[in-house]
Every structure is written in C-alpha cells, then in structure tokens.
Amino acid sequence: MPPPQNASVITIQPLATLSPPCSSRTWQSTPHPTLPVIATACSDRTVRVYSLTSFTLLHSITGGHKRSIRAVSWKPGVKGQSVLATGSFDASAGIWRRDERGLAEDTQRERAGDWDGDEEGEDDDYQFSCILDGHESEIKSLSWSPSGQYLATCSRDKSVWIWEELEDDNFETIAVLQEHEGDVKCVAWHPEEDLLASASYDDTVRLYKEDADDWVQVAMIDGHKKTVWWVEFEGSEMSARDFRAHREGLSEQRAHHVEQLERSGPRLATSSDDCSVRIWRRKPREGSAQTSSRLGMPNIIRSVAIDEEWFQETILPQQHERAIYSLSWSRRSGMIASAGSDGKILVYKERWKNVMPNGVKADGTVDHSDSDAMEGVENASLTEWVVVAELFSAHDVFEINHVCWAKRSDKGRRSEDEEVIVSTGDDGEVKVWVLEER
Amino acid sequence: MSDIQQYLLDYDRNKRDASAVAQQSATRLQNGDLKLLALVEELGEYFNGEDGATRSKTMSYLAEVLSLVPQRALSLQQRNLLCDFILSRFEDVEGLGSCAKGLIALEERGKWDNERVRAIMETLLYHTHPLRQYKQQSERYPVLRLIDTLMAKYRDALRTLHDTTPDFMPRFISYFDGEKDPRNLMVVFSILRVPMTEWTIGADAQELFDAVFNYFPITFRPPPDDPYGITAQHLKDRLRDCIVSTPDFAPYAYPALLDKLDSTSMNTKRDVLQTITSSVSEYGPRTVGLYSITLWDALKFEVLNVQEEDLAQEALMGLAAIARTLSQGTSGPLNAYLRPITKECNEHLEDAPTKQSQASARILRTIAGVSPEVTNLIMAGVLPNLFLLFQTADTMAKKRGLLEVLVQLVRADIEVYGDWRSVGLAKEHAPPNALAQFRDQAVEVMVNGLSTAPVKEVSFRLVCLDGLLELSKARQLLSDDDVGKIIQLFHAIVTDEESYGKDEIKEAAMNGLGEIAHQKPQVVVDRAFPAFMAQLPDADVNSSKGYVPVLEAFAKLASEEKIFDTVILRLKNKFSSAVKQNASSAYIVALLSAMLYALNQGASKLEQNHESLLYHQDIVLPLLARTSSVDASHPEAFDDEATLDLVGRICNIIVRSQPLDQQNKVSAELYTLFRETSQAELPPFSTSTSPEYNRTMIVSTHLLASFRKETTLPCEVQLLISSLANYSQQPLLPPQVWSASLRQISLVMNKFIATPALKTCLDPLLKAPIDIFDPLRLDPPRIRIIFACLKGILLRSSPILSTLYPQLLSFLSHPQYGLAVAHGFATLLQPDDLLTKQNHCQISGLHKQKSFALLVPNITQSFRDTSLETKPNYLIALSGILKWTPFDIVVEEVGQLVPLLLQSLDLKGEGLVKEAAIGTLTSILQERPKQVEEHAGSLISRLLNTSSSIPSGKVILSSDVRKEIPANSMRVRATALRCLTLVPEQLRQEIVLPYRGQVVKKLTAALDDRKREVRGQAVKCRAKWLAVDEDGDED
Amino acid sequence: MEPDKDNANPTILNASDLPSRRRESSVKQREDGGTGLFDHLIPHYNYLSDPFERPVSASDSDDDSVEDIDEQEIYDLISSISDPEHPLSLGSLAVVNLPDIRILPPSSPHSTISTVVVEITPTITHCSLATVIGLGVRVRLEQALPPRFRVDVRIKKGTHSTDEAVNKQLGDKERVAAALENGTLMGVLRKMLSTCE
C-alpha cells in the first residue's frame, strides 16, 4: 500500500515481521534497554522475547499469569542479567530474571539459525522470580523509573501503585495513588526526576512526586475530551539532538524559546480516544525554584513548592480517524510516532515555524496551540509539528495497539544510532519498519 | 444332631445349607416322621436361651420350615397353636422379622378369623411400636409385608378395629414414623392408602396426611446397582396416590403444596404441579370448588412469568384440570373459578401484545378446551371485552395481539365442538356453541383486517387469515355463504395480490383454500372454481402471463381428493379449448404443466384405478393423437422437446395404472403413436428420420416407462435393444432425444427381460458388430450406452454385474476416456425419475449394497496400483458412487476410504467430486468420528483450504479477500464449512484444541466471502470453534 | 430470580414483522408472477450430469456476483441474540432495529477499514443489563464479521439513563478484551449467543 502524497517527506518501509507471530492479539512490545532484544506482551498469557538482529523468537515466557499479559517493562541499569516486569489482566505483576552471561551463546545459536524458541526449564531461560499482588482488577500498564529504583503499576481499579525494590525480589508498596476516577490506562516516568505521570479513562493525566516520603499528586492535566490511552515524557536533553540542536543565528525570540524549553525540562506527550496527540509543558519555576527542588531542599509549605503547572503546548496534526492507543517519542531524533485503531502509523517532526521579522506568521501553517494554554501561545507558535510520514494498513486491516522506536541492530543497519519503528497489532504480529528519505 | 442344631450351625456358615435343613424338616413334618409338637418342644431350649442371636435364628428356622410345609400338612388347630406361639414371641426383641415371616407363612396356609387378625394387629401395635426401634431393614420389612397382607385381605376386620378402638388410628399412624428405607416406604405408602381411601378418618385426617407428606418431595437417588430397581418415580407415584387419595386431605394438602411451590428447585415445583393436577381430578368438584381460586392465584404465575417452559405446561394442565373437575359439578363453583381468570386475562389483554397478553391467551385457550360449558363461559367472559379493546386499539400491533387471542379461542372451540368433518369431545348433545353469537363480529373484523390492512402488516393479516380459516372450519358455525366469502377473499389474495416479502400471506391463503376444500369441498368448487376459470383465458390474446399464478393455485387444490377430479376435468377442458383457439405455446405449456402437477397430487388416487380409464380416453389418447398428427390438431407447442416431455409424463401417470390389456393396446402403438406410418420407418428402428419423428421418442419413452413388465412390446427384445443402441449413437440428435433413447435401453434392461434371458439378451451389445466393451472403439456415445444398460441391470442386482463391472472399471485407466468414464459413475446409483416402482420396475432392495460391494473395494485397491495421472479418475469414480450410497452401506469400508476422500479434496476443479467427498466425510464425522481422529490435522487444513476463496498456499491481505475469484464453487465452500463445523462437535476436545487458534484465524477469510450463504456457514463454524476450550475460569 | 426483573412484561414484536431478506427460494421477480411451482415437474436429466457435458450444477455461475455485507446481514447476525432476562430475541424485543444499523465505508481510498455502527434500544431506560446486551452485540459482531470492520455499539440517544457511561465502556477495547476473559460474564454471553444461527 503506497503512502499518500501528503506533507510527508519520508516513507515507512517494512523491514521485518518478527516470527513466528502470536496466533492471537499482541498488546505491547518493549525494547531491551541495552541488548538487541524486544519483549512482546501477548493475550495468550505469554511474553515473547524476539531478537532484533535476526527477528526470530528467542524465548517464550509462559506460566505465571492466568490472564492476558497486557504490559511489559525492562528494568534499566542492571548488570549481568535482564529483569522484566509483566502486568496482566489477572491483576498481578510478575518479575522475571535471566542471567545474561548466556547472551553470547544466544547470538551464536541465532547465526546458526537453528534457534528453537522455547526450551522449557533451560537455565538460560527467563526464570520467574516473584509476583506482585495488590491490585483489585486488571493491570493495564507498568513502568520502571529511570533509576530502576521504583516500579509503577496501574489498573482498572483506578489506582496507581509505586513499588520499591529493597533488595532482589523484595518489593515494598510505597504508594497507592487513588486520584483517578476511572481505569488508569498508562504510567510513565520523567527521565530525570522521580516524577510519575498516569493517564486515565477519566480523560485526565495526573503527575505525582514524593513529598516528605509521601507520594502526592502535583499536577492534573485536563484537556483531552475522551480516554487518554498513552502518556510519555520527552527524552532527556533533547534540545541537543532535535531541531534546536544548532543554535547559531537563532533569532532573539527563538533563542529565548529554546531556553524556556530547557527550563521546563522534558515535555509530556499524550494520545487519546479523542483522536488527538497533545504536547504538554511544565511552567518553568521563577528563579532557582526548579533547581532547588531538584536538589531536594526541604520545603516548608508543600503546595507552593511541589505543585507543578503543566499547560498544553500544542496539538499534533490530527490525521488519525479512531482512537490513538500509543505514541513514542524518539530519544534520538525527537520525532513522534503514533498508531491506533485506524491501523495507521504516523510520524511527526517538530520544526521552526518560519515567521516574518515582525513576528507575524508568513505562511498559512495551522497553529494547533489551544487558547486555553495561555502562557504557551507566544512561544508555541514559534515551532510547529508536521506529519513527515504516514502509513496505512500497517497491520493489514487490524488495529495497532502499540508503537515504539528502537535501535536498529540487524545487518542492514546504516548507522550506529539508526532507529526503527516497532508496531504491535491485533493480528498477533510485531512488525519492524525503517524510515526511508524520499 | 437334630435339625435345629444343624440349622444353627449352618446358619452362619452357609445360608443355603441352613435352608436345606429347614426343607428337610418340612418334608419330615409332611410325611409324619416328625411331629409338630416334637419340633416345637425341641426349639424350646433355644428360645429360652440367653443368646438373642440364637433365639432369632431359631425363630427364623421355624418360619422357614412353616413356609416350606405344604398347605394341608398343618391342621387348623396346629396353625392356631403356632400363631399363638409366635405371637407370644413378639415380646422378644430378637427375631421380629422371622416372627412376621412365620405368620405370613401361616396365613398363606389358611385364612384367619377376625379375632386373630385383631389380635395380631394389636400385638404388633403394642409390643413392637414404633417399628423404627428395629434397626435392621430386614427385620422391619417382613412386618410391613405382614400388615400389608392384613390390609389387603382383612379390611373389614381392621376397619372395625379402627371404628371400635378410639386410640387405634394415632398409634397405627405413628407406628411407621421415621421409616427411611425405600423398599419399606413403598409398602408403608400402600398400607396407609387403605385407611385414606376406605375408612372414615375424620379427626385423624391431618395426622394421616402429615405421615405421608413428610416425605414430600421425594429426593431419592437409587444406588447404581440397586437390586430392587426401586426408582424415585416409583416412590413419587405411590406418595402422590396417597396425597390425592381423599378429599379430606385438601385442607392440609393445598396450603402445604402451594408453600412448596415457592421452592427454587425446578424438580420440586414440577412435583408439586403434577400432584396438584392429579389431586384436583381426584378430590372431585365439591372440594376443588373451595380451593379453585387459591390455586389459580398460585398457578398463574408459572404461566405469566415462565421460568421453565415445561413448568408452564404443568401449570396450564393444572388450571385446565380444575376447570374440568368443576364442570362436572354445579355451575356455581365453575363460574366462581372462571370469573377471576377472565377478569385478569382481560386486564392483560389491554396492553397486548406483551409477554403476559400472550400468556393470557395460552391460559384461556387451554382452559376453554376443557368442556363446552367452560368454552361458553370463557367466550362470554372475554370476547365482548376483546372486541371492545379491538375497536379502540390504536396500533396494528395491539390489534394483532388481540386477534391472536381470538384465534386461540376459536381453536379451543373447535377442539370442543369439532369441525365440519368430525365431532369434538363435546359429542353431539352439547349446549349451543357460544361462539355463534360472536360469529358475525369476528368474521367482519377479520375479513376487514385482511382485505383493508396494508400489505406490509404481514403478521396482522396473517392472524386475520388464520382466524378466518379457523372460523370456517368450526363445526356448523358459518353458513356456506360466509365460507364462500372467505374463500373468495383467499382466492383474491392468491391470484391478484402483489407479492410482498416472504409472501407468507399468499402462501397461507393458498394452504387455507386447501384446508377449506378439505372441510367444505363443494363450497370451494362452487365459489372458487368459477373465479379461477374466469381468470383463465381460453386463448391468451395479450401475452400477459397473468394466468400462471392462477394455474398454480388451482393445480394445488388437486391435492384435496374430494375435488381432484373436478380440477383435472376443468384443466382438461381449458386445455382443449386453448388448443382450438390456438393459444400461445407458453399458455399451452402452462396448462399442461398444471395438469401434470394436479395429476401428481392425485397420483395415489389414480393407483386405485377407477376413473383413470376415463382419463385414458379423455386425456391420453387425444394427447397422443395431437403428438403424432401433422394437421391443425397438432399445436406447434408440441414441436418442442420440453412440451413433449410434459405430454409423455401426463400419459405415463395415467397409463401406468391401466390394466394389462389397455397397456397392450398402447404398447402396440408405442412408436407409431397411432400414426399410419409403419413402425419400421420410425425411430428407433430407422435412423434416417425427420426431427418431428425423432422428437416423439420422448413420448414413447414415458409410455414404455408406464408399462407393466408383462406388457407385450411392439417388437422382439434383442431387435429393440440393438436398434436403440444404434439409434442413440447418431450424431446431431437433440440431447433430450438421445437421452430418451438411452433411458429406453435402461427400461428394457430392467423390465422386459426375464432373469434367465438376461445374458443372451445382452449379446447383441456384447458381441460384434456392437461389441460395446471393445476398448479400442470406446467413445462417448458407447460409454453412454454402457452406463444406460448398467443402470437398468444394477437395479435388479443381477449376477451379471460381477462380469460387467470389472470391464467398466478397467476403463478408468483408459488414456483418452478414463476421465469421462470416471464421471459416468455418478450416474449409476443416482435416483432416476423413470426407473421407479410406480413404473413397475424391478428394484432390488439390496442393489446399492451389491454395486457398492462390487465396485468400491476394487477401486480403493486399483487406486494404490494405478499411475499418478489416472489416480484422479478413481477418486472421481469413487465419489460418484459414494454420492448416492446410504452411509450404513459405506460404513464398513470407512477405514480405507478416509485417505482417498481427503485426497479428492486436493483435485483441481471437480466441484461435484469434492462435494460428494465432503458429504461422505460429514457422515463419517457424524456416525464414526473415531475413524477420522488420526486424520484430524489433514482433514481440518483441507476443509479450511476448500472453504476459502483463496487458492491454498496463496497469501493475500484480508482486505483483498473479496476481490479473489474463488478457487472452489460456492456450494463446495459452504459444504466444506458445514463439515468443518462438525469437527469440534464430533471429535474429542484434546484432539481439536491444538487447531483452534489456526482455524479461528483462518476462518476470518471465509467471514469475508463474496457469498452470503458461505459467510453464514463461516459464522456458525467459527462460533463452534471459538467455543472449544472456553474454560469458564473462576471468578 | 424471576420477580426482580428490570422489565417483567416487555412488548413483543411478531416474527413476521421483523425485517428479513427474502429467501433465495422465493425470489418473486419472476416475470410470470408465479412461484415456480411447475419448474421441477421435469427433473434435470441425467445428461446434465453426463460424462461429457461438463457438470453445470456445481460450478454455480452466480459466484462471480458479489453479495456485499449490508445492514440486513448485520441485523440478522444480532437480532437472534437472546435477551439476558427473557427467553426472547433482541429483534423481537426491538432492542436492535434495522434502521439503527449503519455501515460506514472506508474514509479514504488508502484505508480498507469500514465501520459498523449499531445503536441499541433498551426495553426500559433504567435497564441494568444494557451494558451486557451491548457487550453481547459487540462480541457477536467481532466474532462474525471480517476484521476489516470496526464495530461501534452504542445505546440509542435518550433511551437510557446512563447511556454516555455505557457507551464509553462498550467503546473501550481494553475493557471488552478483559471482560471476555471473565468466566462468569462469558457464561452469560455464551447463553445469550447460544440462540444465534
């Protein structure tokens, strides 16, 4: 199926379909933080771990869960072993470990091409190590904090739980956050701070922070008209990599904008049943407020100090026709990919909007920023997001439940840091896509 | 050692030996070697011994002996002596059972007087009360049997005992308290039933009732290996008999039962309802009158709010039973009972059509069907209100709902008063039918509704139509005029009305006419026929086809035998006048078709010969004349093969029931058809004849088919066969004609050759010049002849087959015509419309077995050996046979067949073959699932491939499925899916489970099939597969 | 179990009035206005299945005409579902109605996704089972329709006290998926769907 004319300057080309596929719906695929493998949560109660080098099945993790596995998350920053958390409709989360000294052998086996996915009970297989019970109903998403210290889970029971791993397999519930009025669909951590965001069936997004060893809601984002399916923070220090990268010759305004953005820190992107993807930004603290709080200086009057204000910076061009289940914010290029019920994959890029010296817009480019985000307006209007690639029927006629960026690591890789898009569909297939410049 | 000692010794070792000892004592008593007195004295010491066990064994010995001595061995006096003795032993707790046995034995040996009976009963009640103190069932059982015997044989004695002893009854009742054993209970119930039904129990009624009702409802599950075969039902029945035994129980029974009706157990409810029903029939009008309304208030809910359909049924039967009982009594209670019912139903009618208005209809209908009295009361109670509501009804739906009730009532009325052909249960001397006074209103309302309501109001008009039909059936209700009106209305609908939707109305009207014809044939003839005839032109001037529906309707009426002849007659006249007026061929064909259809309807009637001689004169001969004539009497419609086929069939159905001599007359003219031309110049004897002549072969074929096998053919058989063979081989014959000639071969082979002659008669074919089986001269026409012969012969399952079939089978590997021959096999066992019993053919019951046995094993064998390119031929031939073979014949071979059948699914094209193969696989799945288990995998994948539009192996996007031109025909795809649906039903879960995912996924393609029918099948199939392993897990 | 029904006495439509596709057997568009009663007086002759004339009957030529999935077909799929509290079909209770079924074609030439929108009408506005019924309809259609269809089941506007909430639930793919893994709920659904042909 040819991509449509559109503004897109890039085409999304199929690279591979991970095989063998699952015979029923797959929900989510998460790339390993360091290794060239990716874990897929399947409705058949298994997790399948595929190689991103050979695109074949390495392990299939079974047992442990009595219902669909909805979400998977790799624990960052662990040495010598891989730690995977699984969230299931059976209301429990599982922790799985695998000794990675067997890795070399994996890759050999692959090259030999005779890998047989699941060999039960082999010591180089994923071992079930412990189960986290507590939620009353289906777990819908879970995520490790960047430090690996915390694991956040959320559920249809309207609650978000934060677990802390004291030592191996000894988890303590350190917070049960019950701010939402509906299912909590997704949780995500800020890349730099211990700041947690959660998206919900109640159409809102909420942010939480620890305040005097007590986790509290610090902001509530209310803008989507329907269920918010996905929430994700921008990567750390993206201004060094995206359109903001080269500064020379930047206009006063633009320079100021960049600086504002840096003071706000990583932004937040959300996707929703209302068919929109929105970008949210933290209102920078006056003076050193930001830094002080980062240094964890004690604050007497909590509310002032800890509460944050997030405003809508912009709405991405609306080209999805049905619910957008997932989006992914590239840590390398700052591009955003989104996908959902309409079976499309969209890629957006942010760029400077070309404006007259007098600051008046020259071309008729649409300004998506909402008026309800007052502070945003004058800044947001400096940049714009455009769709650079659009792919129809990525999974034949099926819905796409998840999309994410991953490091490309097959032989065809063109550069050290080339990225691929990985999409996960109702057809049980996980597909890998490359971006081709036109 | 004395007998008793021996007995005691053996008793514990081996009961049989012990009994032998008793027998021996008995014999000695009989022939006087042993004196009774001696025997008893001998027992003395053991009876007085300390050990209870011994005492009881001793008594058992005595009882056994007594039960073994012949009648007259004991004198009256001796018996009395023994009686007293045994009675005296009743104080002893040991050996009660044996005591009872002893007494029973004595009783069998001579009737007792009332005194003795009284004594026994009192001893029991005073010394062994309550019986439950004896823990052994084997101890209690004989006692119960003893009492049962007394109850059966000495009723008066016991009744007087009851009447004269005030505290007897309570003691008697409590005696059986706490009995639990089913066998004993059976006896207890039958014992207690006696006082219930025969004694005046007055004050004791409640106690007596409670004594049995304590056991209600019976929840007893007999042990798997119960030697006594007592089921819960047995107990239920006995218990119910007790409960319903006397009206005196009513005051206790109904409250208790209705209380149990609230139970949540469906079984209890069912039990209660059945008991109520039988009680009301037993208790009689006087008692039932007191409780009828209470019962109504309770029972109605089971109908108004159906929980289980069968409970609703029971409740309805209960309500009806009440009405039935009450209508045996005075009118007061009956009225009192019906009033609240009609009242409540009337209320529900106000918001018809609802669940409850429908329920009300059921109630009224069931009750009204009970007796003329009830019918009339209900009619009077409901109809006025019903019509009132009808007038004021604002919606069609409501009107419909109301009329539905009316129709139900009319049905009930017919049940009671009968229809025109038979009296109902009210018999002749019934009170005047109350429906009469609503007749006109009903007719008016429904005639109106039917004729004026817009066509799209299907259900409403259906009800009207249905109602009118019922009314016209009701015995002596409507005048012939009214029935006439209704007939005309129906007729108008059938012939004039625009068709709409599923045409339920037209269909119903048509059948309605039929039914009325059954009830009032003459009226239909008088009222409807003129209308029909009026709508049938003599000659169709404008080429409108308006007459077709008229003809169809008219012909259908022939199925009603009373008017069959008239229908035929009218059609015949129409036909001849149409020909005179030289009407269009289309019209003539239509008339012929109608005539044939009508004749088929009355075929059975024609079998009984009478009349049909007339038809022979009036119909057959003229038709034949027209066929062969060349002058004006020959309509050009007759120049068409199809028309001649109709003509032939009309003649056939009449001629075949003609007596032999008649048939011989026709047979003489079989080919000349009463032409002047000599037979030799006509087909099949001459091959150089004009098309007109050739065509008449079609008619001849049907005549030949109609003959009995004794009929003399117009020429000698061999000649006929060879002529037909040559004739049929001519190129350029119209297919109908060569087909006709071939079918004549089959007919001759089957009917007109005596078994011994068969071999020789075949010679002209088998030998030169024809030499039909010569492989070098094999060609299509000759192959046709081969199959034609075989078809005739195999029906007689003649021994010759075993020489003919092998030659035929050998052709399957024929390089050029193997495939053709293979396809021919499908025609062998295919049912044929001419080779039938009605056509006097010889049809052996075993012919299919025979052919199957001769062909199939041979085919499966050769299939293995034959070359790759000819393998398909064998598969095709096989499926051709299987297609027409009943499964019970196939079943023997199933083992070998499955692999072949699966392979036939891989053939390219060959829709029919695959269809047949799947057909057989389907039967195997149904009858012999085990046989396919090992092939499950390949069966499933092949069915999936066959079912999908996409050629196997090809991968395409789901979005493009519809664009594919299907590799298999719609029929095949649908059949494959139907078969695949059976797989999860018929094979064990562990076998199909592994395929579930794949099947469910692959089937999405069929869900998008371009054909609705296939999609429908796919949906069913997928649902079945999804249902596999829906392990309804916890929470 | 019985008395506490939400609506103990619903109005019932008659089967003959429910919309239906004409049976193929009784296609009345015969120019002669007949029902084809006489068509089978002459059975197909053997020569039709004769070795040499290739069999006509099996390769039915009507295969090249495509019958698209239409509203009536959707209706037939769901009207036979039985109501969870009455032994009656959703069709006869007028819970599903032909006019409330819409099929929306793909929105762009590049897309292959069609959408089926079904609006259901609970028998009474406070029907506590509306969600279950809606779920039943959605499940039935997801099982019976090819995957190129998206199924949107909604409560008809103004026919239910909490229709918005119900709609949101029925629209939530994740919730539906989870519901289908719930044994008890599946039991109810299976019972409702058991009456579907």
Side-chain angles (χ1 to χ4, degrees), chain B residues 305 307 353-356 358 400 458-459 462 499 501-504 545-546 548-549 552 593-594 596-597 642 645-646 649 735-736 739 780 783-784 820-821 823-824 826-827 830 833 911-912 915 958-959 962 966 969-972 1004 1007-1008 1010-1012 1019-1020 1022-1023 1026 1030 1032-1035, chain C residues 1-3 8-17 20 22-23 26 28 31-35 37-38 41-43 45-47 49-53 55 57-60 62-67 69 73 77 86-88 112 143-148 181-184 186-187 190 193 196-197:
Chain B
N305 243 322
Q307 267 175 302
T354 61
K355 205 167 159 225
Q356 289 174 356
Q358 286 183 357
R400 184 202 90 227
V458 180
S459 68
L462 274 177
S499 86
K502 291 181 248 157
D503 263 347
E504 289 165 283
K545 291 273 179 59
V548 175
E552 286 185 348
S593 310
L596 176 54
Y597 184 90
D645 202 310
L646 286 171
R649 286 167 191 278
Q736 294 93 329
S739 157
I783 296 179
R784 286 203 190 98
V821 174
H823 280 115
T827 66
Q830 180 182 35
D833 57 314
L912 287 172
E915 226 180 303
S958 318
S959 48
R962 287 157 306 152
S969 79
M970 163 171 120
R971 291 247 309 277
V972 175
T1004 55
L1007 287 181
D1008 216 0
R1010 52 178 47 206
K1011 284 296 171 192
R1012 196 161 282 122
V1019 171
K1020 289 198 195 87
R1022 192 153 185 267
L1026 283 166
E1030 275 173 342
D1033 55 32
E1034 77 300 326
D1035 92 357
Chain C
M1 56 204 275
E2 283 308 283
N9 191 25
T11 307
I12 301 166
L13 301 186
N14 180 297
S16 313
D17 297 339
S20 80
R22 291 183 173 188
R23 298 201 214 82
S26 61
K28 295 302 178 311
E31 84 294 341
D32 64 9
T35 65
L37 186 64
F38 303 148
L41 285 173
I42 304 179
Y45 271 144
N46 297 11
Y47 65 75
S49 56
D50 168 283
F52 317 100
E53 335 291 319
S57 47
S59 60
D60 29 7
D62 53 333
D63 228 345
D64 38 62
S65 72
V66 177
E67 301 165 341
I69 296 176
E73 187 165 343
L77 283 172
H86 303 287
L88 296 162
T112 50
Q143 292 182 351
L145 287 177
R148 66 188 169 87
E181 292 188 44
N182 173 321
T184 10
M186 257 334 263
R190 222 172 290 136
L193 299 192
C196 297
E197 277 76 34

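Naming: A, B, ... by sequence-line order, numbering from 1 per chain. This one's a predicted model, so the numbers in the text were calculated from it and none came from an experiment.
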In terms of heavy-atom contacts, B/Arg1012 and C/Glu67 come closest through N-OE1, 2.6 Å
The interface call for C/Leu41 against chain B, heavy-atom contacts under 4.5 Å, is both
Ranking C/Thr11, C/Leu77, C/Leu145, C/Leu88 by heavy-atom pairs under 4.5 Å to chain B gives rank one to C/Thr11
CZ (C/Arg190) and CG (B/Leu1026) are apart, to the nearest 0.5 Å, by 10.5 Å
Side-chain touch C/Ile69/C/Pro146, heavy atoms, less than 4.5 angstrom | yes
Whatever's closer than 4.5 Å to a heavy atom in chain B on C/Leu193 counts as neither
Between B/Arg1022 (side chain) and C/Gln143 (backbone), is there a donor-acceptor pair under 3.5 Å? yes
